[in-house]
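One structure is given below, encoded as structure tokens.
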Number of protein chains: 2
Amino acid sequence: MKTKTRSEAATLPLNQILAGDCIEVMNALPEESIDLIFADPPYNLQLRGDLHRPDNSKVDAVDDAWDQFDSFRIYDDFTRDWLKAARRVLKPNGAIWVIGSYHNVFRLGAELQNQGYWILNDVVWRKSNPMPNFRGKRLTNAHETLIWASKNEAAKYTFNYEALKALNEGIQMRSDWVLPICNGGERLKDENGEKAHPTQKPEALLHRLLVGTTNPGDVVLDPFFGTGTTGAVAKMLGREFIGIEREEKYRVVAEKRIASVRKYDREALAVSASKRAEPRVPFGQLVERGLLRPGEELVSMNGRSKAKVRADGTLIAKDVKGSIHQVGAHLEGAPSCNGWTYWTFRRDGKQVPIDVLRQQIRAEMQ
Amino acid sequence: MKTKTRSEAATLPLNQILAGDCIEVMNALPEESIDLIFADPPYNLQLRGDLHRPDNSKVDAVDDAWDQFDSFRIYDDFTRDWLKAARRVLKPNGAIWVIGSYHNVFRLGAELQNQGYWILNDVVWRKSNPMPNFRGKRLTNAHETLIWASKNEAAKYTFNYEALKALNEGIQMRSDWVLPICNGGERLKDENGEKAHPTQKPEALLHRLLVGTTNPGDVVLDPFFGTGTTGAVAKMLGREFIGIEREEKYRVVAEKRIASVRKYDREALAVSASKRAEPRVPFGQLVERGLLRPGEELVSMNGRSKAKVRADGTLIAKDVKGSIHQVGAHLEGAPSCNGWTYWTFRRDGKQVPIDVLRQQIRAEMQ
DNA sequence: TAGCTGCTTGAATCTTCGA
DNA sequence: ATCGAAGATTCAAGCAGCT
């Protein structure tokens, strides 16, 4: 429901980047004036020493002062204060998005709930090209979490169901979004050719989020504006924005960036169109899902070789262990081998190619 | 490292389902006795019906703010208590997995951090066949979140990196896991043909998690056992389990289920080992055994550097002496260098990595 | 032009052993 | 506990430069 009046619009500093601490600046804005907030607060990463890639190059870490907090207590105080200020400026039917990683997102989500925000969805941004875990000590940190919440349980939040369905090729939009990280030409550089901001978010993410949860003309506030992805996408999509940013160097970059953006840029729309490739199905999934059991015997298509399945999705044959491809290649004395078509399993007295099981999983994924 | 003693094993009720409240039962177990905890705590506590404030006055159900606030407080108290009891029984190098949705996972994650657990990853279980959002008012809730945390920051948690990489067909396992929900034949039914438990987890999820973060023989505790997916998969994979479940009807179903499970054979349970687990072989042994001769020349993998082997197993290059690692790092101007993969020697006219010789010695050690 | 190789880079709580 | 040394460890993209 649009309730914006002329006088209210006049007092709002629309399409500007405001300098200063976001809490103070938000408290100076009129209450109940904002339709949507997008907030990408500091993550409070707690990094110890340097990290090198296996090729010995050094990882350019987020070591900025603005990401340093001395304790959870201090981070929680900070979170409480800015979320409270944010809630004051939200319209009664307003909503908020916050983004974070496991370092901070649980603090964010709990505090949202404590303040009476009503969580609508948590959304997973699955990165198609995340940075690997170079030391092999944990899982690849391949996602970040967004929380979408309305001001309270009763709020009539904006949700453009059909628009998102259209973006998703006619299928209901899910809570996991596969999008690449921001790099290439979209990644803003400073005068030295270094990245202008360590954590610039991709425009595709904001595009989907603004298309789905705002209407044209809505006022979108970003209290941690950085280099202004929110403002740039809002402008493209015909939404009004208000940015707040403490650091001058980021404001300068953002101003320039947004000035060069044109509304309804068709290229920006193209960014969000995701192409669908045939999903890769690791052989291990057949084992995890119980389609093949550890210890089960596979026989080669030509009937000459046998191997046993192991719990981690590798095979073991007479004198070799490895993937279905490696073991097949070794047994045939070939440089390579497509294990999917080489190996068969026994089902109802017949030998069936394991590729049948892969097809089955792919069908489920549709 | 297994440190289980006979007396400890004797006092642990292995491979049993214990009846009762999980906090009381955990407090009756010996401390520091559990390798891994998997917990799927309830979150629909149905508090709205009979909610009391801490001072025992009944909450006015009309007052939404009070209702929410007290709900969270009670849930947080519950979470704090069971996580504390869980932490007591964990071995110093133990770890925990918890699973939840946006309703409760932020409370879980924040409390884990508050108690000193150290989050290793948050993992998204991306459901390949979720229930659609029928009313079209929100995104399809297509995932649940798991948190993997060690007992504390210093803990040497178990992580079978190579096994998970193998499960994912040679690519590092990511933090987003695509797996189907539990249905079909795997879904347990009660005598009326109704599902026996509302939130039965798929065995594939537990398979991946147990293969990745436990070793055969480890003790896995599930304080919210339900119909025993954890126990069933633990048994298959040769892990010990302890289940705790309050409701008799679930215990009955779980007992029957686990009794019908068979453990995979030993060979199938072996997983791809990490190189770190292999015995250490000093470079000097290659010289002592005559696999390399003092004075023999080594050439770097990239062909740009040379060094000579000395009798004590150090190398000497143009302006540097030291270990294979030190000399390699110095010549490359790198912070570190794995000399085993950096240096090659000449054999039959070809350059061969010295790591081949290490493998040879390791093979002899078997 | 299209295709290939090689280099660079990304919100990262990223080692372990023995003296 | 602290310190030094051994040694284990990466995936997907974009882009430049070349054929």
Side-chain angles (χ1 to χ4, degrees), chain A residues 40-64 66-69 72 99-105 125 127-145 178 180-187 189 193-195 197-202 224 226 277 280, chain B residues 1 113 117-122 149-150 152-154 156-157 159 161-162 165 168 170-175 274-284 313-314 322-329 334-343 354-355 358:
Chain A
D40 182 12
Y43 284 14
N44 189 25
L45 299 186
Q46 294 154 55
L47 306 178
R48 300 285 184 263
D50 288 347
L51 178 65
H52 292 89
R53 298 185 182 80
D55 67 2
N56 272 319
S57 61
K58 186 163 174 275
V59 174
D60 186 13
V62 180
D63 54 1
D64 307 72
W66 50 253
D67 200 49
Q68 313 290 325
F69 294 81
F72 281 130
I99 182 167
S101 66
Y102 66 83
H103 310 84
N104 69 326
V105 78
W125 167 26
K127 303 179 184 182
S128 54
N129 49 349
M131 183 161 68
N133 185 291
F134 295 117
R135 312 305 293 269
K137 299 306 293 179
R138 302 183 180 189
L139 302 164
T140 309
N141 210 344
H143 74 276
E144 291 186 31
T145 302
V178 180
I181 60 175
C182 179
N183 58 11
E186 189 186 322
R187 188 83 193 213
K189 303 292 196 308
E194 306 289 315
K195 55 190 175 193
H197 192 283
T199 70
Q200 187 184 340
K201 294 291 174 290
F224 306 97
R280 194 176 59 88
Chain B
M1 187 70 58
Q113 292 178 314
Y117 287 97
W118 191 247
I119 298 183
L120 300 167
N121 277 117
D122 60 335
S150 60
N152 56 56
E153 186 178 353
K156 297 191 194 313
Y157 54 92
F159 182 54
Y161 175 74
E162 293 293 343
K165 194 170 168 180
N168 197 31
I171 293 165
Q172 193 172 81
M173 185 68 81
R174 301 169 37 120
S175 59
S274 126
K275 282 189 193 148
R276 264 183 258 268
E278 305 216 39
R280 181 173 287 220
V281 177
F283 177 73
T314 57
S323 71
I324 53 172
H325 315 292
Q326 290 168 332
V327 174
S336 71
C337 170
N338 184 345
W340 291 107
T341 53
Y342 179 72
W343 294 107
I354 58 172
D355 204 30
R358 182 169 63 160

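First the proteins, then the strands, lettered A, B, ... as listed; each starts at 1.
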**Study point:** DNA chain C: 5'-proximal contact among A:Ser57 and A:Leu47 (nearest heavy atom)
**Key:** A:Ser57

Study note, to complete from the structure: Between A:Ile181 and A:Gln46, whichever has its closest DNA chain C nucleotide further toward 5' is A:Ile181

What integer number of Å spans the [atom1] atoms of [N] and [M]?
N      : M      : atom1 : value
C:dA11 : C:dC7  : C1'   : 23 Å
C:dT13 : D:dA6  : C1'   : 25 Å
C:dA12 : D:dA5  : C1'   : 25 Å
C:dC14 : C:dG18 : P     : 23 Å

Give [X] one of three labels, base, sugar-phosphate or nothing, depending on what nucleic acid heavy atoms sit under 4.0 Å from its own.
X        : value
A:Pro41  : base
A:Ser101 : nothing
B:Ser336 : base
B:Ser323 : sugar-phosphate
B:Leu120 : nothing
A:Asp67  : base
A:Pro180 : nothing
B:Glu162 : sugar-phosphate
A:Gly185 : sugar-phosphate
B:Phe283 : nothing
A:Val105 : nothing

Review point. For DNA chain D, whose closest nucleotide is more 5', that of B:Arg174 or that of A:Asn56?
Key: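 That would be A:Asn56.
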
For the atom pair [atom1] ([X]) and [atom2] ([Y]), what is the distance rounded to the nearest 0.5 Å?
X        : Y        : atom1 : atom2 : value
A:Leu51  : A:Ser57  : CG    : OG    : 9.5 Å
B:Phe159 : B:Leu120 : CZ    : CG    : 9.5 Å
B:Ile171 : B:Lys165 : CD1   : NZ    : 9.0 Å

Check your understanding: Is the base of C:dT13 syn or anti, where syn means the angle lies within 90° of 0?
Key -> syn

Sort out the partner of [N] for me: Watson-Crick or G-U wobble, both distances under 3.5 Å, none otherwise.
N      : value
D:dT9  : none
D:dG4  : C:dC17
C:dA12 : none

Please state whether the phosphate of [N], meaning OP1 or OP2, lies under 4.0 angstrom from any side-chain nitrogen or oxygen of [X].
X        : N      : answer
A:Lys137 : C:dA12 : no
A:Asn183 : D:dA13 : no
A:Arg135 : D:dA8  : no
A:Asn141 : C:dT13 : yes
B:His325 : D:dA5  : no
B:Gln326 : D:dA6  : yes
A:Arg187 : C:dA11 : yes
B:Arg358 : D:dA8  : yes

Practice item. Could you tell me whether the side chains of A:Glu144 and A:Ser101 share a donor-acceptor contact shorter than 3.5 Å? Key: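 On atom types as modelled, these side chains do not qualify, holding no pair under 3.5 Å.
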
Choosing from [options], which nucleotide comes nearest the side chain of [X]?
X        : options                : result
A:Glu144 : C:dA11, D:dA8, D:dT10  : C:dA11
A:Asp40  : C:dC17, D:dC11, C:dA11 : C:dA11
B:Lys165 : C:dA11, D:dT10, D:dT9  : D:dT10
A:Val59  : C:dA12, C:dT16, D:dC11 : C:dA12
B:Lys275 : C:dG10, C:dT13, D:dA8  : D:dA8
A:Thr199 : C:dC14, C:dA11, D:dA13 : C:dA11
B:Arg276 : C:dT16, C:dA11, D:dA13 : C:dT16
A:Asn133 : C:dC14, C:dA12, D:dA13 : C:dC14

Heavy-atom distance under 4.5 Å between the side chains of [X] and [Y], does that happen here?
X        : Y        : answer
B:Ile324 : B:Ile354 : yes
A:Lys201 : A:Trp125 : yes
B:Tyr157 : A:Lys137 : yes
A:Asn133 : B:Tyr161 : no

[N] [atom2] sits how many Å from [X] [atom1], rounded?
X        : N      : atom1 : atom2 : answer
A:Phe134 : C:dT13 : CZ    : C1'   : 15 Å
A:Met131 : C:dG10 : CE    : C1'   : 6 Å
A:Ile99  : C:dA11 : CD1   : C1'   : 9 Å
A:Asp64  : C:dA12 : CG    : P     : 12 Å
B:Met173 : D:dT10 : CE    : P     : 14 Å
A:Arg280 : D:dA12 : CZ    : C1'   : 12 Å
B:Trp118 : C:dA12 : CH2   : C1'   : 12 Å
B:Tyr157 : C:dT13 : OH    : C1'   : 10 Å

**Study point:** Residue pair B:Gln172, A:Thr140: steps toward the side-chain hydrogen bond (donor to acceptor under 3.5 Å, both in side chains) verdict
**Key:** CA-CA 7 Å; B:Gln172 193 172 81; A:Thr140 309; 2.7 Å; yes

Point to revise | Any donor-acceptor N/O pair under 3.5 Å between C:dA11 base and A:Lys201 side chain | key: yes

Check your understanding: Any donor-acceptor pair under 3.5 Å joining the side chain of A:Arg53 to the base of D:dT9?
Key ->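 Checked by distance alone, the answer is no.
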
Exercise for review: Indicate the ring-plane relationship of A:His197 and A:Trp66, choosing parallel, tilted or perpendicular according to the 30° and 60° boundaries.
Suggested key: parallel

